[in-house]
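Nothing fancy with the numbering, it's 1 onward along the sequence. Since the model is a prediction, treat every value here as computed from it, not as a measurement. Just follow the structure's listing: the first ligand is 1, and inside any ligand the first atom is 1.
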Amino acid sequence: MGQPCLLDLEREDVAAWMREMRQPQFRVNQVWQAVYVELVDTAEQITTLPQALRRELQQAFPACVCAVDAEQVSADLRTKKALLRFADGATVEAVLMTYAHRRTVCVSTQVGCAIGCSFCATGRQGFVRNLSVGEIVSQVLHFARLLHRSPDVETSGGGGRVTNVVFMGMGEPFLNLDATFNAIRRLNDPDGFRLGARSFTVSTAGIVPGIDRLANELPQVNLAVSLHAGSDVLRNVLVPVNRTFPLRELIATCRRYIESTGRRITFEIALIEDVNDSLMHAKEIAALLHGLIAHVNLIPLNPVRGDAFLPSPRKRVAAFADMLRSRGIPTTVRLGRGVGIDAGCGQLRSRRGHPTTAD
Ligand code: SAH
Ligand code: SF4
């Protein structure tokens, strides 16, 4: 990481900086309120601070996002995707989804991803770097500001605040664990952004040590596990990290998680035609999850350009869901939000240079 940005600062860092500048400590609160409640973009906009101090703060700690390279809105106006560019030129995508009573932001934790799932656009691009706490937080604040400033636009779902944050964008959150956890703590701060711990969901491809740490350190945060297959043979191919953390170990860890937190886990399965969508596959999943407090979310594969994989047909998805339900596993089928603008699960990637007008 290069120079830290304003959102990389903990409250103590702001306090230390104010001491260095021989400023009274109430200035710390002024900064915190301006950034996390009034949602200013940059230190220069913190009007409660004397002008010279604003400028110094701005120079020392610039904004994390230096440009919004492109923004796309889905045809129904309910999904909005932004391509955000950071100081070193790296870009990530973040998505806002508005529902009747929820406004969910889907954030990225890494530029690219090292795990390389065969059906995922991010995985195909390889790993570039981890995001900092500030860079993760900035994605949420980007959309929070949008909602705050334009409460009437239809994309805001009638205005209001961000109600949920899901770590389901680019990257594997548990391979950038400290920044992910600190971003959650920052957004959860009762004196700042005030988003409840239960409003966060972290999705993992199955990094076992990360699941244990989530249970210990942030037990109220929701966990989603990207399962995709109920046998090691198939999962090794679809989610290569399964070779490091095979299903036996993953499921034992999930069981520990449920026992220690008392919380249900959501298992996600992207259904791919003729790859993992038969009734035999459904039975394998049912056997694997037997006895766990679990919920399964089926996502008909979102198409990734240039990919040989096809989404499972609607009928197959319904039959798969029925099979799981008949074996006592609560199952839902996720609607393909944002697919028309490549904002669906697994469709996010970085782009350099050109805005995404071709999409
Ligand atoms: N790396 C984490 C979180 C980001 S991916 C993880 O894998 O869980 C978010 C979700 O999108 C995961 O469940 C992932 O398996 C799913 N996904 C990836 N590519 C997809 C695609 N092409 N269609 C549907 N879901 C996909
Ligand atoms: Fe990485 Fe998740 Fe995509 Fe797999 S599905 S490549 S873990 S972002």
Side-chain angles (χ1 to χ4, degrees), residues 81 92-95 97 104-131 136 139 165-177 179-180 183-184 200-208 210-211 214 221-229 234-245 250 254 265-273 275-277 285 295-312 317 320 332-350:
K81 179 172 82 165
V92 296
E93 293 188 318
V95 182
M97 290 160 284
T104 299
V105 179
C106 175
V107 296
S108 298
T109 53
Q110 301 182 310
V111 183
C113 182
I115 292 183
C117 299
S118 41
F119 49 86
C120 170
T122 309
R124 197 130 8 115
Q125 138 190 22
F127 176 70
V128 181
R129 71 168 174 86
N130 280 331
L131 296 187
I136 298 172
Q139 299 168 57
V165 172
V166 297
F167 291 81
M168 295 185 183
M170 297 162 56
E172 167 52 48
F174 288 158
L175 293 183
N176 186 16
L177 187 141
T180 297
I184 293 173
F200 297 91
T201 301
V202 177
S203 176
T204 179
I207 308 294
V208 157
I211 297 175
L214 189 73
V221 165
N222 301 298
L223 173 66
V225 173
S226 300
L227 194 57
H228 306 308
L234 182 54
R235 197 165 190 271
N236 282 345
V237 177
L238 295 178
V239 187
V241 79
N242 192 69
R243 296 191 197 112
T244 312
F245 302 112
L250 176 60
C254 289
I265 298 178
T266 298
F267 289 91
E268 299 179 282
I269 303 175
L271 283 179
I272 312 170
E273 182 170 33
V275 172
N276 65 349
D277 66 343
I285 300 275
H295 171 262
V296 168
N297 215 332
L298 300 177
I299 316 159
L301 185 84
N302 292 323
V304 171
R305 259 165 294 164
D307 198 334
F309 288 146
L310 292 171
S312 200
V317 176
F320 200 100
T332 47
V333 177
R334 192 189 288 170
L335 300 171
R337 284 303 284 270
V339 173
I341 54 168
D342 279 356
C345 297
Q347 293 182 310
L348 304 186
R349 60 205 165 100
S350 300

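- Residue-level proximity to ligand 1 for His228 is carried by the side chain, the only part with a heavy atom below 4.0 angstrom.
- Below 4.0 Å from some heavy atom of Gly123 lie the following atoms of ligand 2, by number and element: 6 (S).
- For Arg334 (side chain) and Ile299 (main-chain N/O), no donor-acceptor pair under 3.5 Å exists by modelled atom type.
- Rounding to the nearest 0.5 Å places CG of Leu223 at 7.5 Å from CZ of Phe267.
- Each of Thr180, Val92, Val107 was scored for a side-chain contact (heavy atoms from CB on, under 4.5 Å) with Leu131, with one residue passing: Val92.
- At a heavy-atom distance under 4.0 Å, only side-chain atoms of Cys113, from C-beta outward, approach ligand 2.
- Taking each heavy atom of Gln110 and Phe127 in turn, the nearest pair found is NE2-CE1, 3.5 Å.
- For the side-chain contact (heavy atoms from CB on, under 4.5 Å) with His228, the qualifying choice from Val239, Ile272, Leu301 is Val239, the only one to do so.
- For ligand 2, the atoms closer than 4.0 angstrom to any heavy atom of Gly116 are 6 (S).
- Heavy-atom contacts of Phe119 reach the following atoms of ligand 1: 15 (O), 17 (N), 18 (C), 19 (N), 20 (C), 21 (C), 22 (N) (cutoff under 4.0 Å).
- Proximity of a side-chain donor or acceptor of Asn276 to a complementary backbone N or O of Ala270 within less than 3.5 Å is detected.
- For atom 4 (Fe) of ligand 2, the closest non-hydrogen atom of the protein is Cys117 SG, 2.3 Å.
- For atom 18 (C) of ligand 1, the closest heavy atom belonging to the protein is Gly346 CA, 3.3 Å.
- Proximity to Ala205 (heavy-atom distance under 4.0 Å) selects the following atoms of ligand 2: 7 (S).
- What you find for Gly171 and Thr122 is that their closest heavy atoms are N-CG2, 3.8 Å.
- For ligand 1, the polar-atom distance check finds no N/O of Met168 at less than 3.5 Å from any of the ligand's N/O atoms.
- Protein heavy atom nearest atom 1 (N) of ligand 1, with residue, atom name and distance: Gly171 O, 2.9 Å.
- The atoms of ligand 2 that sit less than 4.0 Å from any heavy atom of Gly171 are 8 (S).
- Within the 4.0 Å cut-off (strictly below), no protein heavy atom is located near atom 2 (Fe) of ligand 2.
- Nearest heavy atom pair, residue Ser108 against residue Ile136, reads O-CG1, 3.9 Å.
- Residue Met168 comes nearest to Cys106 through the heavy atom pair C-SG, 3.4 Å, listed as atom of the first residue, atom of the second, then distance.
- Here's the thing with Val304: none of its N/O atoms is less than 3.5 angstrom from an N/O atom of ligand 1.
- With hydrogens left out, the protein atom closest to atom 13 (O) of ligand 1 is Ser226 OG, 2.7 Å, a heavy atom.
- Here is the list of ligand 1 atoms found below 4.0 Å of a heavy atom in Thr204: 6 (C), 8 (O).
- What you find for Leu238 and Ala229 is that their closest heavy atoms are CD1-CB, 4.4 Å.
- The minimum heavy-atom distance between Asp277 and Glu273, with the atom names listed, is OD2-CA, 3.4 Å.
- Ligand 2 does not have Ser226 within reach: every non-hydrogen atom of the residue lies 4.0 Å or more from it.
- One of the N, O or S atoms belonging to Cys120 lies under 2.8 Å away from atom 3 (Fe) of ligand 2.
- With contacts defined as side-chain heavy-atom distances shorter than 4.5 Å, the pair Val333/Leu271 does not qualify.
- When hydrogens are left out, the protein atom nearest atom 4 (C) of ligand 1 is Gly169 O, 3.1 Å; that is the closest non-hydrogen contact.
- When non-hydrogen atoms are compared, ligand 1 lies under 4.0 Å from the side chain of Glu268 (C-beta onward) but not from its backbone.
- Interface atoms of ligand 1 facing Glu172, defined by a heavy-atom separation under 4.0 Å, are 1 (N), 2 (C).
- Side-chain contact between Val221 and Leu214 is present, with heavy atoms from C-beta onward closer than 4.5 Å.
- Among all protein heavy atoms, the one lying closest to atom 3 (C) of ligand 1 is Ser203 O, 3.5 Å.
- Nearest protein heavy-atom neighbour of atom 25 (N) of ligand 1: Cys345 CB, 3.4 Å.
- Of the protein's non-hydrogen atoms, Asn302 N, 2.8 Å is the one closest to atom 23 (N) of ligand 1.
- Side-chain contact of Thr204 with Glu172: a donor-acceptor pair under 3.5 Å is present, judged by distance alone.
- Residue Ile115 has at least one heavy-atom neighbour below 4.0 Å for each of these atoms of ligand 2: 7 (S).
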